[in-house]
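One structure is given here, and the rest of the page talks about it.
When a ligand or atom number is given, it counts from 1 through the structure's own listing order.
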Amino acid sequence: MKILLVGSGAREHAIAKAIARSHGAELFSFMSGKNPGIAKISKEWAVGNICDVNAVTNWTKSRPVELAVIGPEAPLNSGISDSLAQAGIPCAGPSKKAAQLECDKSFARNLMKKHKIPGCPKFGVFSDASEASRFIDSLGEVVIKPAGLTGGKGVKVMGPHLKSKEEAKAYAKEVLEAKIGILPSVVIEEKLIGQEFTLQAFVDGKNISPMPAVQDHKLAFDGDKGPNTGGMGSYSDAGDLLPFLTQKDYGSGLETMKKTILALAKEGMPYRGFLYGQFIATKKGVSVIEFNARLGDPEAMNVLSLLESDFAEILRQITEGNLKPARFSKKATVCKYLVPEGYPEKPKKNERIEVNEREIEKLGAQFFYASVDERENVIYEMGSRTVAVLGVGDSIYDAEKIAEKATSFVSGPLFHRKDIGTKELVAKRIGHMKELRKI
Ligand code: AMP
Ligand code: GLY
């Protein structure tokens, strides 16, 4: 099968590798910058604006592509799936309408409310700052979210980002006045306390095939300190659960995702693609932080590295509506991102890096290129998450040792979190959950 991949980060490199492993699959890639890892395994590739849906569709139409898979949310929000479908190329990625689940947070919350989907926190959607202020007064601690896409940088939480209700009100006003996230509304939610986890699934419009749960680490520095990032690394355990997660928690998350898919189908916007649920396990149960209309970055690397089923076949099933349950090996994974010194606030940019791919592979580890550029056989980091490495093992701790060792084969002015997947950090997560649930 000839498959188009749109996107050029480490998540897309993981998707590209999974396609390359599939039986009889050939990869065609449309990237926003040259990812040397993706380029190397593509039959043909191009660099351009991945949100220019006409450009992507025209490039694809003149090639023998049979099916498309979309990495990031921005092209989904631009309607790439609809445009490719019109050109006769089915897409494992939701339509613009269904992608509102990620691209408009007010849509997601209102859908949950209307269809009584479990796990929805108290929330309100506002386009008027004084009404937003009154709602903030009616809640305890709050979270302020621009409704539209902000590249993960628009959400502010009372405590870490907003010190008082006055600051929360001022930020809600700023979101509306400065049109942060472009859409004209702000979502205000009660702040939930607990452990976050990611549950991803393949979806074909009605059937859902879940993957092992993953935990991402958003804060830049060891010990969960420093500013928020796109995600510094992630781990998954052998099997579907995480060390702090019960089967009941996993089941609640899955139930919520199933009901969401059903609700979208009822609303006339069937969802096909990857569904990413960001959940929080609290003392009262599992709630939804947000949905994404794509795989997670870095979480895609954890799950795709364990996938035993043929990925290209899954993509075909997603587009044809006959999805079967996917199989994953019962191993643990740890993924660590190397990022430029100064990231995320003042990252070094355009510095030369080297990835000793052979040594990483000798360890049995994997590497994924992210924000890099290749010029005359030299790789430069581009100021954002640069390279991810991943270890697979019988336990999280075995996988962590492999991933940590693999980081030593990437050189350049980069740093990474040494604590992701270590016994100390995982014990902290388990301790927090025990304390919340008093068990
Ligand atoms: P989002 O972009 O919606 O994933 O939000 C970014 C981050 O803000 C999440 O990963 C959470 O850590 C935090 N967050 C979002 N919503 C809530 C909430 N209702 N309660 C507590 N934290 C939240
Ligand atoms: N790891 C967070 C995300 O992909 O949104």
* **Q200: which of L275, V214, L304 passes side chain to side chain contact (heavy atoms under 4.5 Å, CB included)** => V214

May I have every N or O pair linking ligand 2 to the protein at under 3.5 Å, one per line with atom names and distance?
from	atom 1	to	atom 2	distance (Å)
ligand 2	1 (N)	D216	OD2	2.8
ligand 2	1 (N)	D297	O	3.0
ligand 2	1 (N)	E299	OE1	2.8
ligand 2	1 (N)	E299	OE2	3.4
ligand 2	4 (O)	R294	NH1	3.0
ligand 2	4 (O)	D297	N	2.9
ligand 2	5 (O)	N292	ND2	3.3
ligand 2	5 (O)	R294	NH1	3.4
ligand 2	5 (O)	R294	NH2	2.9

* Pairing of K401 and E404 as salt bridge, 4.0 angstrom limit -> no

* **Donor-acceptor under 3.5 Å (S138 side chain, F135 main chain)** => yes

* NZ or CZ of R385 within 45° of Y343 ring axis and under 6.0 Å -> no

* Are E189 and R109 ion-paired here, with the side-chain N under 4.0 Å from a carboxylate O? -> yes

* Structure fact -> The protein residues that pass the under-4.0 Å heavy-atom test against ligand 1 are K105, V143, K145, V155, V157, E189, E190, K191, L192, E196, K218, I289, E290

* Asked: Any salt bridge between E357 and K40, counting N to O under 4.0 Å?
  -> yes

* Asked: Does K97 make a cation-pi contact with F107 (under 6.0 Å, within 45 degrees of the axis)?
  -> no

* Asked: With distance as the sole test, does K116 use its side chain to make a donor-acceptor pair with the main-chain N or O of M112 at under 3.5 Å?
  -> no

* Asked: Can you tell me if NZ on K163 sees more than 12 non-hydrogen neighbours from other groups inside 6.0 Å?
  -> yes

